[in-house]
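Below, each value reflects all heavy atoms present in this structure, side chains not excepted, and no hydrogens, waters or symmetry copies.
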Amino acid sequence: MEAVKQAQKKITQHALWLSVIVGLVFILMGHKPVGKGLILGTLFSVINFIFMAKSIGYKFGRSKRQIFSISLGSLLFRYVLLAIPLVVAVKFEQFNLVAVIVGIFMIQLVILADHLLKQIPTVGGKQI
């Protein structure tokens with residue numbers, strides 16, 4: 001269980017750092033809505049990821065009916081949670097909608113990038 005928590009922590013940290021760095025680059029280049037949208041979307045994606053990980057433990061030792069209710073409630077809550085940055089981006093011009101959408105998928109992008117980087121063979125005996 002500790003390995004799972006470490007992996008979750010690593011993924012969320014990488015996603016946040018990546019979005020902050022890329023977002024700051026966009027802001028410094030004069031594209032504030034893009035940078036702010038990326039950071040906003042990533043923040044809600046991380047909150048969703050943490051909530052999803054926490055909700056898994058609530059399902060153990062429950063009846064099928066309770067598990068169904070918990071799963072449905074969790075899914076509904078997470079959809080509403082991810083809709084918040086989308087609504088904010090649509091309502092306010094200071095957030096770019098496309099950047100918010102990319103930010104929402106930042107956790108998945110970091111997981112995919114981590115997996116792809118692990119597939120690169122070692123060069124000179126050292127992992128890249």
Side-chain angles (χ1 to χ4, degrees):
M1 195 62 154
E2 188 62 34
V4 172
K5 287 182 182 181
Q6 290 297 329
Q8 291 170 347
K9 183 178 177 181
K10 176 183 149 187
I11 290 166
T12 55
Q13 284 179 345
H14 286 175
L16 284 172
W17 276 112
L18 180 63
S19 73
V20 167
I21 291 169
V22 173
L24 283 175
V25 168
F26 275 111
I27 290 170
L28 292 174
M29 289 176 26
H31 301 287
K32 286 184 181 182
V34 175
K36 291 166 72 174
L38 183 67
I39 293 169
L40 178 70
T42 302
L43 180 63
F44 276 85
S45 179
V46 167
I47 293 169
N48 176 54
F49 187 66
I50 292 169
F51 182 76
M52 183 176 55
K54 296 283 184 191
S55 70
I56 292 172
Y58 294 128
K59 297 175 187 172
F60 294 116
R62 311 259 182 180
S63 69
K64 287 184 180 184
R65 187 178 188 132
Q66 288 174 329
I67 291 172
F68 177 76
S69 297
I70 291 169
S71 297
L72 189 61
S74 172
L75 189 64
L76 180 64
F77 176 77
R78 291 187 307 112
Y79 280 158
V80 169
L81 181 70
L82 290 176
I84 293 170
L86 294 172
V87 171
V88 169
V90 168
K91 292 266 186 193
F92 300 104
E93 290 183 11
Q94 62 189 22
F95 298 101
N96 182 284
L97 180 61
V98 175
V100 168
I101 293 169
V102 171
I104 287 174
F105 286 102
M106 188 63 73
I107 291 287
Q108 291 86 346
L109 293 171
V110 167
I111 292 170
L112 180 63
D114 184 53
H115 178 72
L116 291 175
L117 287 174
K118 287 181 181 176
Q119 299 301 315
I120 296 174
T122 59
V123 177
K126 295 184 179 181
Q127 184 76 21
I128 296 177

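Lys10 NZ to Ile111 CD1: the interatomic distance, rounded to the nearest 0.5 Å, is 10.5 Å. Residue Asn96 holds its CG atom at 9.0 Å from CD1 of Ile101, rounded to the nearest 0.5 Å. Atom CD in Gln119 sits 10.0 Å away from atom CG in Asp114 (nearest 0.5 Å). In this structure, CG in Leu116 is found 11.5 Å from NZ in Lys118, a value given to the nearest 0.5 Å. Once rounded to the nearest 0.5 Å, the distance linking CZ of Phe49 with CZ of Arg78 reads 10.5 Å. Atom NZ of Lys32 and atom CD of Glu93 lie 15.0 Å apart (nearest 0.5 Å).
Follow the hydrophobic side-chain contacts under 4.5 Å out from Leu43 and you reach Ile84 in the same cluster. Cluster annotation: Phe95 and Leu81 are assigned to the same hydrophobic cluster (Ile/Leu/Val/Met/Phe/Trp/Tyr, side-chain heavy-atom contacts under 4.5 Å, transitive). A single hydrophobic cluster is not seen to contain both Phe105 and Val22; linkage of ILVMFWY side chains at heavy-atom distances under 4.5 Å, directly or through other members, places them apart. Under a hydrophobic-cluster definition in which Ile, Leu, Val, Met, Phe, Trp and Tyr are linked whenever side-chain heavy atoms come within less than 4.5 Å, directly or via other members, Val88 and Val100 are assigned to the same cluster. Met52 and Ile107 end up in the same hydrophobic cluster when Ile, Leu, Val, Met, Phe, Trp and Tyr side chains are linked at under 4.5 Å.
The environment of Phe26 atom CZ is sparse: at most 12 non-hydrogen atoms of other residues, nucleotides or ligands sit within 6.0 angstrom.
When atom types are taken as modelled, the side chain of Thr42 and the backbone of Ile39 share no donor-acceptor pair closer than 3.5 angstrom.
Considering all non-hydrogen atoms of both residues, Ile50 and Thr12 come closest at CG1-CG2, 4.5 Å. The two residues Arg62 and Ile67 come nearest to each other via the heavy atoms O-CD1, 3.6 Å. Taking each heavy atom of Met106 and Ser45 in turn, the nearest pair found is N-OG, 4.5 Å.
Among Leu86, Leu40, Leu38, the one residue that satisfies the side chain to side chain contact (heavy atoms under 4.5 Å, CB included) test with Ile104 is Leu86.
Between Phe51 and Phe77, the two ring planes are tilted [angle within 30° to 60°].
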